[in-house]
Enquirer: 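My structure is below; once you've seen it, I'll send some questions.
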Amino acid sequence: MRTQVAIVGAGPAGMVLAHLLHAAGIASVVVERRTRDYVEGRVRAGVLEQGTVDVLARLGLDGRLRSEGLVHTGANLAVDGASFRIDMAALTGAAVTVYGQQEVMRDLFDAGEARGLAVVYEAQDLRLHDLDGAAPSLTYRTPEGPQHLVCDYVAGCDGFHGTSRRSIPADVLRTFERIYPFGWLGILTDVPPAAHELVYASHANGFALASMRSATRSRYYIQCGIDERPEDWPDTRFWDELCLRLGPGTAGGIVRGPAFEKSIAPLRSFVGEPMRWGRLFLAGDAAHIVPPTGAKGLNLAVSDVVMLAEALEAFYAHGTSSGLDGYSARALARVWKAERFSWWFTRLMHRFPEETGFDRRMQLAELAYLGTSRAAQTVLAENYVGLPLDPPPVSTSVAASLSAPSANLRGMCP
Ligand code: APR
Ligand code: PHB
């Protein structure tokens, strides 16, 4: 079998890429190890940046998203029980949309079937060949037998544990990692959310988050030890601790219900560089992981594949490979900023086992500053709603102000 772009992995990165390429008239085959039900069933975050919503709209995938997604123009921060709101829309002109990754996947798969996208499920023993040659290929096994897929390019969208990144020679790949000394214990429950918008809480006992999937489904998290197990947290203990950390204002709105999903996720920051080797291009979790504070994982996967699709389109439409050559640097420029934000927000909101009284005072001072400074809130808000793909440098305006000094500066000049 032959195609133009072989896509490894049918998560958000792989499926959004397949749709983008289809829209550009580029043939692809998505090769996924699991079943559709398995991929769609994975519970992940559910906050879409404005740019992600725009991409899904451009692809005609926003029907349900528009009717069922919850547009949030702000979010709340709670500090030892007292909360304040950050008005993202007023500060940035943009909003986020709460729409679970499971719903995004369902829309991607349904439209993929309707549009005839080629997705191979249950592909076992995937191997990548000749990635640094002119005709790379994939081999794998399906229930029908061994398969061989020859292509022009391979998109490695197979997540953190996939094979793509590991195919890059060790002397080429550089990795950067931070593992956090705690986890997130999360539950899903079919009760109305405690608050209209998300509440991120920093409490002496640790972080907590009140989130949601819809007007009738809530998603709650609390920071827990990495060695703890969900069984250590019977529902009553979870609810009591959650209410304490969120504070009386939010806790007053909590409706307790049975948790039908309860799991603990570790927190990690990770980046692999470069995101291209030969004819292999990494995108999404295959190249980078962020801790969930700020919900950047899915959004980063989408911005990566938008950049990759643009580069592939330029190649197939005009024969120019500068986009492909520049993909890794362009994607990493945005990735590192999202890594920084996710790391900063994680560090600000969690209790660390090794922290000192001074460290906690610094967190509290920064949170107090955030509560009263429009500038500080704008920094948080513009990162939260999503940074532009290619922000223009501000240095030009600095240069302009230097060449035309302000009245104050003029007055100070000798
Ligand atoms: N062969 C084929 N498919 C594979 C292989 C393999 N060897 N290894 C992994 N995969 C598949 C996985 O089964 C999974 O469906 O690749 C897919 C990768 O999907 P994700 O892990 O969701 O990664 P990505 O598409 O980059 O999405 C990133 O989504 O899952 C969240 O937390 C994640 O928010 C982040 C975003
Ligand atoms: C979620 O709803 O799962 C969620 C929301 C916001 C986050 C992380 C997770 O920052």
Side-chain angles (χ1 to χ4, degrees), residues 6-18 29-49 52 70 72 75 96-102 104-105 108-109 119-128 138-142 149 154-167 184 186-188 193 197-200 207-214 217-221 261 263 265-268 270 282-305 335 338 341-342 345-346 349 384:
I7 301 174
V8 187
M15 286 307 295
V16 173
L17 179 61
V29 176
V30 184
V31 181
E32 166 60 49
R33 180 165 54 184
R34 307 284 194 164
T35 62
R36 171 179 164 164
D37 284 351
Y38 180 91
V39 178
E40 211 177 299
R42 284 188 296 218
V43 180
R44 301 282 162 86
V47 179
L48 307 185
E49 294 173 353
T52 301
L70 308 171
H72 283 192
V96 295
T97 302
V98 171
Y99 190 65
Q101 182 168 316
Q102 288 171 285
V104 174
M105 290 314 303
L108 288 165
F109 286 137
V119 185
V120 178
Y121 295 100
E122 298 182 80
Q124 303 304 312
D125 301 333
L126 179 113
R127 301 264 185 285
L128 308 180
L138 275 54
T139 54
Y140 51 92
R141 257 185 325 101
T142 63
L149 176 63
V154 177
C157 302
D158 48 352
F160 183 67
H161 299 288
T163 31
S164 298
R165 190 182 65 253
R166 286 166 231 282
S167 308
W184 275 21
I187 66 157
L188 265 178
E197 293 173 333
L198 272 63
V199 183
Y200 290 88
F207 172 77
L209 170 59
S211 181
M212 66 206 69
R213 290 289 174 272
S214 68
R217 180 165 289 182
S218 300
R219 179 82 167 137
Y220 293 111
Y221 298 95
E261 211 273 340
S263 55
L267 277 75
R268 180 199 300 269
F270 174 91
L282 300 180
D285 278 14
H288 42 74
I289 295 286
V290 284
T293 332
K296 290 289 162 220
L298 167 64
N299 296 293
L300 267 188
V302 172
S303 59
D304 284 354
V305 295
V335 164
F341 173 68
S342 307
F345 203 18
T346 302
M349 301 301 292
Y384 195 81

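Throughout, residue positions are numbered sequentially from 1 according to the sequence presented. Basis for what follows: all heavy atoms, side chains included, without hydrogens, waters or symmetry-related copies. As the structure is a prediction and not an experimental result, all values here were calculated from the model. Ligands are counted one by one from 1 in listed order, and the atoms in each one are counted from 1 as well.
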Enquirer: Give the atoms of ligand 1, by number and element, whose distance to some non-hydrogen atom of Cys157 is under 4.0 Å.
Expert: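 Counting from 1, the qualifying ligand atoms are 16 (O), 17 (C), 18 (C).
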
Enquirer: Mark up the atoms of ligand 2 that fall under 4.0 Å of a heavy atom belonging to Leu198, in ascending order.
Expert: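 Near Leu198, the atoms of ligand 2 are 5 (C), 6 (C).
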
Enquirer: Against heavy atoms of Asp285, which atoms of ligand 1 measure under 4.0 Å?
Expert: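 Per the distance check, 23 (O), 26 (O), 28 (C), 32 (O), 33 (C), 35 (C), 36 (C).
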
Enquirer: With distance as the sole test, does Arg213 use its side chain to make a donor-acceptor pair with the main-chain N or O of Arg219 at under 3.5 Å?
Expert: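 No, the answer is negative, given that no donor and acceptor are paired below the 3.5 Å cut-off.
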
Enquirer: To the nearest 0.5 Å, how far apart are OG1 in Thr293 and OH in Tyr200?
Expert: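 Answer for the OG1-OH pair, Thr293 versus Tyr200, is 8.0 Å.
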
Enquirer: Under 3.5 Å between any N/O of Pro12 and any N/O of ligand 1: does that happen in this structure?
Expert: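 Indeed, backbone or side chain, Pro12 has an N or O that close.
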
Enquirer: Nearest to atom 8 (C) of ligand 2, what protein heavy atom do you find, and at what distance?
Expert: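 Going atom by atom, the protein heavy atom closest to atom 8 (C) of ligand 2 ends up being Pro292 O, 3.3 Å.
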
Enquirer: To the nearest 0.5 Å, what is the distance between NE2 on His288 and CG on Leu300?
Expert: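 Those atoms lie 5.0 Å apart.
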
Enquirer: How close do Phe160 and Arg165 get, counting heavy atoms only, and between which atoms?
Expert: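 Scanning both residues completely, I find the closest heavy atoms to be O-NH2, 3.0 Å.
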
Enquirer: Side chain, backbone, both or neither: which part of Trp184 comes within less than 4.0 Å of ligand 2 when only heavy atoms are counted?
Expert: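 Under 4.0 Å from ligand 2, Trp184 contributes side-chain atoms alone.
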
Enquirer: If you take all heavy atoms of Leu17 and Cys157, which pair is closest and at what distance?
Expert: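 Taking every non-hydrogen atom into account, CD2-SG, 4.3 Å.
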
Enquirer: Hey, does Gly162 come in under 3.5 Å of ligand 1, counting only N/O atoms on both sides?
Expert: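 So ligand 1 has no N or O lying under 3.5 Å from an N or O of Gly162.
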
Enquirer: State whether the side chain of Lys296 and the backbone N or O of Ile289 hold a donor-acceptor pair below 3.5 Å, judged by distance alone.
Expert: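 No, Lys296 side chain to Ile289 backbone: no donor-acceptor pair under 3.5 Å.
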
Enquirer: Testing the basics here: between Glu49 and Tyr384, what is the closest heavy-atom pair and its distance to 0.1 Å?
Expert: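 Minimum heavy-atom contact is CG-O, 4.1 Å.
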
Enquirer: Under 4.0 Å from a heavy atom of Val47: which atoms of ligand 2 are those, numbered in the order shown and with their elements?
Expert: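 The list of qualifying atoms is 5 (C), 6 (C).
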
Enquirer: Output yes when a side-chain donor or acceptor of Gln102 lies under 3.5 Å from a complementary backbone atom of Val43, and no otherwise.
Expert: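 Checking the backbone N and O of Val43 against the side chain of Gln102, no donor-acceptor pair under 3.5 Å is found.
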
Enquirer: Taking only heavy atoms of Gly159, which atoms of ligand 1 are found under 4.0 Å from at least one of them?
Expert: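 Here the atoms of ligand 1 in question are 18 (C), 21 (O), 23 (O).
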
Enquirer: Does ligand 2 have any atom that is closer than 4.0 Å to a heavy atom of Leu209?
Expert: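 Distance cut 4.0 Å: Leu209 passes for ligand 2.
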
Enquirer: If the cut-off is 4.0 Å to any non-hydrogen atom of Leu298, which atoms of ligand 1 fall inside it?
Expert: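 This gives 34 (O), 35 (C), 36 (C) as the contact atoms.
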
Enquirer: Quick one: nearest non-hydrogen protein atom to atom 3 (O) of ligand 2, plus distance?
Expert: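 Answer, as residue, atom name and distance: Tyr221 OH, 2.5 Å.
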
Enquirer: Looking only at heavy atoms, is any part of Val39 under 4.0 Å from ligand 1, and if so is it the side chain, the backbone, or both, or is it neither?
Expert: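 Just the side chain.
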
Enquirer: Roughly how far, to the nearest 0.5 Å, is CG of Leu138 from CZ of Arg127?
Expert: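 CG of Leu138 is found 11.5 Å from CZ of Arg127.
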
Enquirer: Would you name the heavy atoms of Val47 and Asn299 that are closest together and state the gap between them?
Expert: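 Looks like O-ND2, 3.0 Å.
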
Enquirer: How close does the nearest protein non-hydrogen atom get to atom 6 (C) of ligand 2, and which residue and atom is it?
Expert: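 For atom 6 (C) of ligand 2, the nearest protein heavy atom is Tyr200 OH, 3.3 Å.
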
Enquirer: Roughly how far apart are Tyr140 OH and Leu128 CG, rounded to 0.5 Å?
Expert: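 The CG atom of Leu128 is 11.5 Å from OH of Tyr140, to the nearest 0.5 Å.
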
Enquirer: Any idea which of Glu32, Arg34, His161 brings a heavy atom closest to atom 12 (C) of ligand 1?
Expert: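 Among Glu32, Arg34, His161, the closest heavy atom to atom 12 (C) of ligand 1 belongs to Glu32.
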
Enquirer: Could you tell me which non-hydrogen atom of Pro193 sits nearest to which non-hydrogen atom of Met212, and how far apart they are?
Expert: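 It is CG-CB, 3.7 Å.
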
Enquirer: Counting heavy atoms only, which of Val290, Val43, Asp158, Leu17 comes nearest to atom 5 (C) of ligand 1?
Expert: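 Nearest option to atom 5 (C) of ligand 1, by heavy atoms: Asp158.
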
Enquirer: Nearest 0.5 Å please: distance from the OG1 atom of Thr97 over to the CG atom of Leu70.
Expert: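 Those atoms lie 8.5 Å apart.
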
Enquirer: Considering only protein heavy atoms, which is closest to atom 19 (O) of ligand 1, and at what distance to one decimal place?
Expert: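 The closest heavy atom on the protein side is Gly11 CA, 3.5 Å.
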
Enquirer: Show the atoms of ligand 2 that are less than 4.0 angstrom away from any heavy atom in Arg213.
Expert: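 Once the distances to Arg213 are compared, the set is 1 (C), 2 (O), 3 (O).
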
Enquirer: Can you tell me if Asp158 uses its side chain to pair, donor with acceptor, with the backbone of Gly14 under 3.5 Å?
Expert: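 No.
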
Enquirer: For a quick test of reading the model, state the closest non-hydrogen atom pair linking Leu267 to Pro291 and the distance between them.
Expert: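 Where Leu267 meets Pro291 most closely, the heavy atoms are CD2-CB, 3.9 Å.
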
Enquirer: Is the shortest N/O to N/O distance between Ala45 and ligand 2 below 3.5 Å?
Expert: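 Ala45 vs ligand 2: no N/O contact under 3.5 Å.
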
Enquirer: Can you report which non-hydrogen protein atom sits closest to atom 3 (N) of ligand 1, along with the distance?
Expert: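 The answer is Arg33 N, 3.1 Å.
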
Enquirer: What are the atoms of ligand 1, with element, lying closer than 4.0 Å to any heavy atom of Gly284?
Expert: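 This gives 26 (O) as the contact atoms.
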
Enquirer: Hey, does the side chain of Gln124 reach the backbone of Arg33 with a donor-acceptor pair shorter than 3.5 angstrom?
Expert: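 A pair under 3.5 Å: yes.
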
Enquirer: Could you tell me which atoms of ligand 2, counted from 1 in the order shown, lie closer than 4.0 angstrom to a heavy atom of Gly294?
Expert: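 Reading through ligand 2 atom by atom, the close ones are 10 (O).
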
Enquirer: Hey, is Ser211 touching ligand 2 through its side chain, its backbone, both or neither, going by heavy atoms under 4.0 Å?
Expert: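 Side chain only; the backbone of Ser211 stays clear of ligand 2.
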
Enquirer: Please report which non-hydrogen protein atom sits nearest to atom 25 (O) of ligand 1, along with the residue it belongs to and the distance in Å to one decimal place.
Expert: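 Protein heavy atom with the smallest distance to atom 25 (O) of ligand 1: Ala13 N, 2.9 Å.
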
Enquirer: Taking only heavy atoms of Val31, which atoms of ligand 1 are found under 4.0 Å from at least one of them?
Expert: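 It comes down to these atoms of ligand 1: 2 (C), 3 (N).
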
Enquirer: Is it the side chain (CB and beyond), the backbone, both or neither of Ala45 that lies under 4.0 Å from ligand 1, heavy atoms counted?
Expert: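 Neither; no heavy atom under 4.0 Å.
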
Enquirer: Given Met15, Gln101, Arg36, Arg44, identify the one with the heavy atom nearest to atom 29 (O) of ligand 1.
Expert: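 The option holding the nearest heavy atom is Gln101.
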
Enquirer: Please state which part of Leu300 comes within less than 4.0 Å of ligand 1, counting heavy atoms only: side chain, backbone, both or neither.
Expert: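 Neither; nothing of Leu300 gets under 4.0 Å from ligand 1.
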
Enquirer: Run the numbers for me: atoms of ligand 1, each under 4.0 Å from some heavy atom of Thr163, listed by number.
Expert: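 Reading through ligand 1 atom by atom, the close ones are 7 (N).
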
Enquirer: When rounded to the nearest 0.5 angstrom, what is the spacing between OG1 in Thr346 and CZ in Phe207?
Expert: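 One finds 8.0 Å between OG1 of Thr346 and CZ of Phe207.
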
